[in-house]
Asks: 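One structure is given below, represented as structure tokens, and several questions about it will come after.
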Number of protein chains: 2
Amino acid sequence: MRTTIKDIAELANVSIATVSKVINGKDSSISKKTREKIKRIIEEENYIPNSVARTLVTKQSYSLGMIVPDICNPFFSQLIRGVEEDANKKGYDLIITNTDDDDEKLLVQLELMKKKMVDGLILISSQNSSIGEILDDINIPTVLVDRVVEHRSLVGRVEIDNKKGGSLATSHLIEKGCKKIVFLAGDIQTFSSYQRYLGYKSALEDHGLKFDETLVEFGSFHSEFGYNAVLSLLDKKCSFDGIYASNDMIAVGAMQALKSCGYRIPEDIKVIGFDDIYLSALVTPTLTTIHQPVFEMGSTASRILIDYLSNKTKSETPVVCFDTRLIERESTR
Amino acid sequence: MRTTIKDIAELANVSIATVSKVINGKDSSISKKTREKIKRIIEEENYIPNSVARTLVTKQSYSLGMIVPDICNPFFSQLIRGVEEDANKKGYDLIITNTDDDDEKLLVQLELMKKKMVDGLILISSQNSSIGEILDDINIPTVLVDRVVEHRSLVGRVEIDNKKGGSLATSHLIEKGCKKIVFLAGDIQTFSSYQRYLGYKSALEDHGLKFDETLVEFGSFHSEFGYNAVLSLLDKKCSFDGIYASNDMIAVGAMQALKSCGYRIPEDIKVIGFDDIYLSALVTPTLTTIHQPVFEMGSTASRILIDYLSNKTKSETPVVCFDTRLIERESTR
DNA sequence: CTGAAAGCGCTTACAG
DNA sequence: CTGAAAGCGCTTACAG
């Protein structure tokens, strides 16, 4: 049987209340002698307090839930690292789940977070209109990253200016001489992707280029989509000289397809991505992209959430918007 | 205030015992009428049972702990996906932490798992001699992936034949004409890396090549190590015509360094990795590597663990050893 | 068919 | 300086 507070109390000939006080450092009133005796016994017995019991009475689990679309996308694994960095430092741990952009899964996972009594939630969800209501029901303090869903337990948002980033990317291709720029949108239902799409359109307009909807492809955020979309465009004899992808995974898939069809990057077709995952510096040619400070975004999300949990003063909901910047690499040089 | 079982009981005019029974499907003795009434009220109130309270009494949390070195390495994020696939299907969720190969962190995380009452553990730890004792203390049913640490709560292992894989990789380079093969070992303290090292040595011997310790570099499992190790070897005017890296991240870093110094892959120097993470098919040239069925390894680890938790019959500790195979790509063609 | 009561391992307000 | 007691939200053996 596992050692409990009762065992420690018996061994020390004190009450469990006294043991509890020294465990929690509320021992200013406890004599030095008993305090040290209890500490010694805890040490000897390798006693680890049961935080499940503790959570039940204090209503604080010191766990945060983190729900991401896909842990295998380096953008999200880095984001997790950022959250972890801040949260662990403050004594919180993380329960992480993947939605695969599936709202059914999201719902199950939100209920899981409720069951497990997480103190707060860091969420990169879908944007479906029903999500707001569900979050209202669940009612756990939530920080959104790169998403916008209004609901009553929202305590902060961390984001970048996706429209500006999209415009930056598109303008860069135009300045490099591209006239017919494909946009690989990924899932346009996603807030950030839609904003990047708007940025694409506005940059075209700013430079006097006509928007051509046959140059836009919709799909998911994986490299397979980029690969297949490019093949399908080439198959349709669509001609283009630049590709702007909504994230780096898509861009990398697109580059693969181009190379397999004998196109040279950047000579024949230039490619730009979005996110600046480490992968983009490792592929050949290295990928020009829009950098997001992803680690910092994660730690900021955690900081906002834990600040809220510590103060419970629901002041203005903070929205932190990070700057993006263009990282020019070989794929557009 | 959150809805509790007491609220539901009051609304239904029954005792909490009765509500508990219908929640848990132990309602064969409950009249259809009360059962349906209770279900309706649960629905109406959006009642989600508090699993923290449940865990405290049943001693089952339906959570598994999973401790990996680095969630950002695609090998581990894929492994997590494999575990998740099996575990979620069976009603278990995951608490995931990163050790960064730091034993201090590992210790804290093991205590966390104990505190949180996880039912079992899937562990990719370091191999330090003290870990066995610590695991004895912690005493949570554990499945090890790609590691060997004897302890009393070990319930299974999932692995590959790393020595054979290492030999396969090295032999491939030799058959492709390499005479001086560098081994980028990563952290040789790691069981799998050491086995891969033994495979390297034995393949050299089998082919009548002399082992040369100046061709072996030790470090970590990141691309930075591969990059720096190659630069340092070149700096020392060390000559070589093949590189075998202990994982793909290292190999990719090594390729970068080679390319930046003007070497052609595979014409001047051939490169082979280990793991077959998705990245290896995306870099240029594409990377020859030793494939591990990582997703399946994850789901198998989960299956073994949950089987044990369901039966508690500690029969023979199962050890599942998966086959590896060579994936030939451009980097050795 | 239903419920009262004990108990899981803790914390905390209160009494002495 | 220390402890008895109530309570957190559940489950379960038992009684009726």
Side-chain angles (χ1 to χ4, degrees), chain A residues 1-39 41-42 45-63 91 111-119, chain B residues 1-39 41-42 45-63 91 111-119:
Chain A
M1 283 308 306
R2 175 175 174 153
T3 310
T4 71
I5 198 172
K6 217 174 139 200
D7 301 320
I8 303 297
E10 275 168 18
L11 286 167
N13 273 313
V14 295
S15 73
I16 59 167
T18 304
V19 177
S20 173
K21 281 168 201 156
V22 345
I23 289 169
N24 294 298
K26 301 185 177 172
D27 50 6
S28 53
S29 73
I30 309 287
S31 77
K32 200 177 165 200
K33 203 175 143 208
T34 28
R35 190 191 314 160
E36 282 176 356
K37 185 186 188 187
I38 290 169
K39 282 189 172 165
I41 293 171
I42 285 175
E45 301 293 314
N46 282 313
Y47 169 62
I48 298 175
N50 182 327
S51 78
V52 170
R54 184 171 208 280
T55 296
L56 190 59
V57 8
T58 62
K59 311 280 189 208
Q60 284 211 276
S61 63
Y62 286 96
S63 287
E111 293 192 350
L112 169 72
M113 299 303 176
K114 187 79 181 179
K115 282 189 210 166
K116 294 274 174 183
M117 293 181 79
V118 299
D119 295 339
Chain B
M1 282 310 306
R2 175 175 174 155
T3 310
T4 69
I5 197 171
K6 216 173 140 199
D7 300 321
I8 303 297
E10 274 166 20
L11 286 166
N13 272 316
V14 295
S15 72
I16 60 168
T18 303
V19 177
S20 173
K21 282 168 199 155
V22 344
I23 289 170
N24 294 297
K26 301 185 177 174
D27 52 5
S28 53
S29 73
I30 309 287
S31 77
K32 198 175 166 201
K33 202 175 145 207
T34 28
R35 190 189 317 159
E36 281 175 354
K37 185 185 188 188
I38 290 169
K39 282 190 172 164
I41 292 171
I42 286 175
E45 300 294 314
N46 281 313
Y47 168 63
I48 298 175
N50 182 327
S51 76
V52 169
R54 184 171 208 279
T55 295
L56 191 60
V57 7
T58 62
K59 312 282 189 203
Q60 284 211 276
S61 62
Y62 287 96
S63 288
E111 293 192 348
L112 169 72
M113 298 303 176
K114 188 79 182 180
K115 281 189 211 166
K116 294 275 175 182
M117 292 182 79
V118 299
D119 295 340

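Numbered from 1 within each chain, the chains take letters A, B, ... in sequence-line order.
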Asks: Quick one: which residue pairs count as a salt bridge (Lys or Arg N to Asp or Glu O under 4.0 Å) with a foot in residues 9-31 of chain A, not counting sequence neighbours?
Replies: A:Asp27-A:Arg35

Asks: Which part of the nucleic acid, if any, lies within reach of B:Thr34 when heavy atoms closer than 4.0 Å are counted: base, sugar-phosphate only, or nothing?
Replies: sugar-phosphate

Asks: Map every base of DNA chain D to its dot-bracket character, where paired means a Watson-Crick or G-U wobble contact with both distances under 3.5 Å and | marks a partner outside the strand.
Replies: |||.||||||||.|||

Asks: State, to 0.1 Å, how close B:Asn24 and B:Arg54 come at their nearest heavy-atom pair, and which atoms those are.
Replies: OD1-NH2, 2.9 Å

Asks: Could you identify which residues of residues 14-29 of chain B place a heavy atom less than 4.0 Å from some atom of DNA chain C, listed by residue number, or say none?
Replies: B:Val14, B:Ser15, B:Ala17, B:Thr18, B:Lys21, B:Ser29

Asks: Report which part of the nucleic acid B:Ser51 touches: base, sugar-phosphate, or nothing (heavy-atom distance under 4.0 Å, all strands).
Replies: nothing

Asks: Testing the basics here: between B:Ala53 and A:Leu56, what is the closest heavy-atom pair and its distance to 0.1 Å?
Replies: CB-CD1, 3.7 Å

Asks: For a quick test of reading the model, state the closest non-hydrogen atom pair linking B:Lys37 to B:Ala12 and the distance between them.
Replies: NZ-O, 3.0 Å

Asks: Could you report the tightest heavy-atom contact between A:Ile48 and A:Arg2, atom names first, then the distance?
Replies: O-NH2, 3.4 Å

Asks: State which residues pass side-chain hydrogen bond (donor to acceptor under 3.5 Å, both in side chains) with B:Thr55; sequence neighbours excluded, sorted by chain then number.
Replies: none

Asks: What are the two closest heavy atoms between B:Asp7 and B:Thr3, and how far apart are they?
Replies: OD2-CA, 3.3 Å

Asks: Could you state the interatomic distance from NZ (B:Lys39) to OG1 (B:Thr34), rounded to the nearest 0.5 Å?
Replies: 11.0 Å

Asks: State which residues pass ring pair (Phe, Tyr, Trp, His ring centres under 6.0 Å) with B:Tyr47; sequence neighbours excluded, sorted by chain then number.
Replies: none

Asks: I'd like the 5' and 3' limits of the part of DNA chain D contacted by chain B, with heavy-atom contacts below 4.0 Å.
Replies: D:dG9 to D:dT12

Asks: Of the non-hydrogen atoms in B:Ile16 and B:Ile5, which two are nearest, and what is the gap between them?
Replies: O-CD1, 3.6 Å

